[in-house]
Number of protein chains: 2
Amino acid sequence: MGKSKTEHFSEATNELSAIGKCISHPARIAIIEYLLKSESCICGDIVASLPLSQSTVSQHLKELKSIGLIKGEISGPNVCYCIDVNQWNFIQQKLGAFFNQVPKSMECETDCC
Amino acid sequence: MGKSKTEHFSEATNELSAIGKCISHPARIAIIEYLLKSESCICGDIVASLPLSQSTVSQHLKELKSIGLIKGEISGPNVCYCIDVNQWNFIQQKLGAFFNQVPKSMECETDCC
DNA sequence: AATTCTTATCGTAATATTGCGATAAGAATT
DNA sequence: AATTCTTATCGCAATATTACGATAAGAATT
């Protein structure tokens with residue numbers, strides 16, 4: 001009843017869905033886009049770039065960090081967030097492998113689609 | 001207050017997050033994997049392959065359909081679900097373009113990570 | 001030591017998602 | 001026409017997510 005059933009699926013399946021969850025919110029996409037394009041990686045600047053409160057952004061940063069997509073380094077009074085290039089490449093590869101699979105749909109046996 | 005703020009983000013950002021949401025649940029990944037690998041695309045067979053009730057699976061199918069990743073065709077008393085190859089390729093391309101961006105992190109200005 | 005600045009965490013409220021059984025609706029069979 | 005089979009939808013409950021303000025905690029400055 002609303003309780004997630006992740007334990008019934010394979011590790012690979014759960015890994016992919018975790019990646020999906022990470023990029024399933026526009027704020028998290030926006031944070032990644034910011035880190036990809038901006039010179040700054042200071043937490044405060046990320047917060048300033050988003051239409052969300054500091055605490056909310058902090059939560060999104062935590063989620064991105066939890067999957068390893070970004071890493072935070074304390075820099076004086078600030079925290080500098082950067083994309084973890086290794087994990088970035090790993091995720092790119094995982095998603096790439098998934099979507100490189102060619103759908104059988106084109107030659108559907110039942111001839112229904 | 002819990003209310004999503006999608007309207008504050010760009011269309012491209014929301015589009016990507018919608019893709020993410022679609023693949024953010026293991027059941028939906030499993031459905032896609034099933035359609036990629038199996039000979040059958042009959043709804044009932046998909047349901048039988050998952051540890052979830054018929055109504056729950058139907059809901060996940062609806063979500064996948066809403067983003068156009070799969071399409072359902074009525075075939076007698078059954079419904080045949082297939083991956084929409086055009087949308088599949090479109091999404092592959094969108095995700096590919098996103099992850100092909102090279103993180104600036106490697107040359108972080110602030111030298112903090 | 002007090003203040004200020006920055007960020008994380010806590011507490012809470014609103015909303016969304018997930019899941020199921022029951023039921024409806026449509027097609028095929030009897 | 002009644003029955004059966006298949007799938008979608010409804011209604012509801014449990015859980016998860018999203019968001020914010022308040023507050024804590026740590027660093028730098030005064």
Picking from [options], which would you name as closest to the side chain of [X]?
X: B:S58; options: C:dG19, D:dA19, D:dT9; result: D:dT9
X: B:K65; options: D:dA8, C:dG19, D:dT18; result: D:dA8
X: B:L52; options: C:dG19, C:dT7, D:dT9; result: C:dG19

Does a nitrogen or oxygen in the side chain of [X] sit under 4.0 Å from OP1 or OP2 of [N]?
X: B:Y81; N: D:dT6; value: no
X: A:N78; N: C:dT7; value: yes
X: B:T56; N: C:dC20; value: yes
X: A:H60; N: D:dT17; value: no
X: B:K21; N: C:dA16; value: no

Check: B:K71 and B:K65 side chains under 4.5 Å, non-hydrogen atoms: no
Less than 3.5 Å apart, which donor and acceptor atoms pair up between the side chains of residues 90-99 of chain A and the rest of the protein, not counting sequence neighbours?
from  : atom 1 : to     : atom 2 : distance (Å)
A:Q92 : NE2    : B:F99  : O      : 2.9
A:Q92 : NE2    : B:N100 : OD1    : 2.9

May I have the distance from [X] (atom [atom1]) to [N] (atom [atom2]), rounded to whole angstrom?
X: A:H25; N: D:dT17; atom1: NE2; atom2: P; value: 12 Å
X: A:Q59; N: D:dT17; atom1: CD; atom2: C1'; value: 8 Å
X: A:F9; N: C:dG19; atom1: CZ; atom2: P; value: 7 Å
X: B:D45; N: D:dC5; atom1: CG; atom2: C1'; value: 14 Å
X: A:I42; N: C:dT7; atom1: CD1; atom2: C1'; value: 12 Å
X: B:H8; N: D:dC20; atom1: NE2; atom2: C1'; value: 14 Å
X: A:L50; N: D:dA19; atom1: CG; atom2: C1'; value: 13 Å
X: B:L61; N: C:dT18; atom1: CG; atom2: P; value: 13 Å

Contact letters for nucleotides 22-30 of chain D, in which S counts primed atoms plus P, OP1 and OP2 and B counts the base, heavy atoms under 4.0 Å: B----SS--
Which atom of A:S40 lies closest to which atom of A:D45, heavy atoms considered: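 Scanning both residues, the minimum pair turns out to be OG-OD2, 2.6 Å.
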Closest non-hydrogen atom pair, B:S17 against A:H25: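 Taking B:S17 first and A:H25 second, the nearest heavy atoms are CB-C, 3.7 Å.
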Nearest-nucleotide 5' precedence on DNA chain C, B:S53 against A:V79: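 Closest to the 5' end, via its nearest nucleotide, is A:V79.
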Who are the side chain to side chain contact (heavy atoms under 4.5 Å, CB included) partners of [X], not counting sequence neighbours?
X: A:K62; value: none
X: B:S55; value: B:S53
X: B:S66; value: none

Given DNA chain D, 5'-ward residue of the pair A:R28 and B:V47, judged by closest heavy atom: B:V47
Cysteines A:C80 and A:C41 with SG distance under 2.5 Å: yes
Main-chain N/O of B:I67 paired with B:Q87 side-chain donor or acceptor, under 3.5 Å: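 Judged by distance alone, yes, a pair lies under 3.5 Å.
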Positive for side chain to side chain contact (heavy atoms under 4.5 Å, CB included) with B:I83, one of B:L35, B:L64, B:I31: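 It is B:L35, the one option of B:L35, B:L64, B:I31 that forms the side chain to side chain contact (heavy atoms under 4.5 Å, CB included) with B:I83.
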Involving DNA chain D, stems made of at least three consecutive Watson-Crick or G-U pairs, both distances under 3.5 Å: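 DNA chain D forms these stems: C:1-30 with D:1-30.
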